[in-house]
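A quick write-up on the structure given underneath.
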Amino acid sequence: MDVSDHSSGDSGASTTYPMQCSSLRKNGHVMLKGRPCKIIDMSTSKTGKHGHAKVHLTGLDIFTQKKYEDLCPSTHNMDVPQVTRLDYQVLLVSDGYLSLLCDKGDTRDDLKLPDGDLGKEIQKRVENEEIILATVLSACGEEQVVGIKATS
């Protein structure tokens, strides 16, 4: 008798999908050294005496802005992260975490106030009771506020 456990709720969808190296484009996304990155530069070398053209990729981590580089044959596949971008209304800031309102009316309180100038700007605008939207980028099980905009 086979008893399957369906209680996890995970759709099983992969956080990445394969794409041929030669199909990648500047400003697109790719996994470099296991991190989701935005491609800022890429160049292709000529085919050598024994084979493949190589693609040199340079990318910035979409969460930390750290620079990564990789070299791969143009015919090989690279992993491309599933990146989603959502806007949430910022309700309040408490203990370094944001309280956000989703489109559907749900709230979420699990995202940290970003470090640096962006975090200070959010804090200041919330204290001034401005209504702002936070842009949240998510990829590979990570999420982070990457920008804000005023609602009109």
Side-chain angles (χ1 to χ4, degrees), residues 3-44 54-74 76-152:
V3 178
S4 298
D5 179 21
H6 298 287
S7 63
S8 74
D10 184 14
S11 68
S14 177
T15 58
T16 63
Y17 59 93
M19 185 184 272
Q20 192 168 330
C21 218
S22 58
S23 302
L24 296 169
R25 294 288 172 256
K26 196 172 173 179
N27 294 327
H29 294 98
V30 69
M31 295 296 288
L32 296 176
K33 311 276 192 254
R35 298 292 303 158
C37 295
K38 181 176 185 171
I39 301 168
I40 57 169
D41 191 38
M42 62 185 293
S43 57
T44 308
K54 297 255 194 298
V55 177
H56 179 250
L57 294 165
T58 306
L60 290 178
D61 187 308
I62 61 175
F63 297 118
T64 65
Q65 302 307 308
K66 188 175 175 197
K67 192 178 194 175
Y68 290 97
E69 295 187 48
D70 205 356
L71 197 64
C72 82
S74 63
H76 285 204
N77 280 345
M78 294 281 288
D79 283 333
V80 176
Q82 301 271 7
V83 178
T84 56
R85 188 180 203 100
L86 288 170
D87 288 335
Y88 296 96
Q89 184 178 330
V90 179
L91 299 174
L92 60 106
V93 178
S94 84
D95 296 330
Y97 283 86
L98 296 169
S99 182
L100 303 170
L101 180 66
C102 308
D103 286 345
K104 298 176 190 133
D106 303 331
T107 59
R108 54 179 298 186
D109 306 298
D110 58 341
L111 277 174
K112 273 193 160 164
L113 183 67
D115 296 332
D117 293 339
L118 181 60
K120 289 175 188 156
E121 180 72 15
I122 293 171
Q123 184 84 47
K124 188 179 89 180
R125 288 186 172 203
V126 168
E127 285 169 4
N128 293 340
E129 296 183 13
E130 292 179 44
I131 298 172
I132 56 170
L133 294 176
T135 302
V136 177
L137 214 55
S138 58
C140 305
E142 283 185 61
E143 289 183 301
Q144 186 174 315
V145 176
V146 293
I148 55 170
K149 53 190 169 194
T151 56
S152 48

CD of Q65 to SG of C37, rounded to nearest 0.5 Å, is 9.5 Å
Closest non-hydrogen contact found for V90 with A134 is CG2-CB, 3.7 Å
Separation between OH (Y88) and CG (L133), nearest 0.5 Å, reads 12.0 Å
Heavy-atom nearest pair, P81 first then T16, reads CA-CG2, 4.0 Å
Residues 81-96 vs salt bridge (Lys or Arg N to Asp or Glu O under 4.0 Å), sequence neighbours excluded, gives D87-K149
When rounded to the nearest 0.5 Å, the distance separating CG of L92 from CG of L101 is 11.0 Å
The reported gap from CG in L71 to CG in L57 (rounded to nearest 0.5 angstrom) is 8.5 Å
When every non-hydrogen atom of K33 is compared with those of E69, the smallest separation belongs to NZ-O, 3.1 Å
Rounded to the nearest 0.5 Å, the CD atom of Q82 sits from the OG atom of S138 at a distance of 10.0 Å
Residues at least two apart in sequence or cross-chain that pass side-chain contact (heavy atoms from CB on, under 4.5 Å) with K67, listed by chain then number, are I40, T58, L60
Enumerate, atom names and distances included, each donor-acceptor pair closer than 3.5 Å involving a side-chain atom of residues 112-126, sequence neighbours excluded.
unit_1 : atom_1 : unit_2 : atom_2 : d
E121   : OE2    : R125   : NE     : 2.8
Q123   : NE2    : E127   : OE2    : 3.1

Residue pairs passing the salt bridge (Lys or Arg N to Asp or Glu O under 4.0 Å) test with at least one member in residues 97-111, sequence neighbours excluded, are R108-D110, R108-E143
Residues passing the disulfide (SG to SG under 2.5 Å) test with C140, sequence neighbours excluded, are none
Does any part of the side chain of R35, heavy atoms only, come nearer than 4.5 Å to the side chain of E142, both counted from C-beta? yes
Close side-chain approach of R25 to I39, heavy-atom, < 4.5 Å
no
Those residues at least two apart in sequence (or on a different chain) that pass side-chain contact (heavy atoms from CB on, under 4.5 Å) with I62 are H29, P36, K38, V83, L137, A139
One should read off an interatomic distance between M78 CE and M31 CE, to the nearest 0.5 angstrom, of 9.5 Å
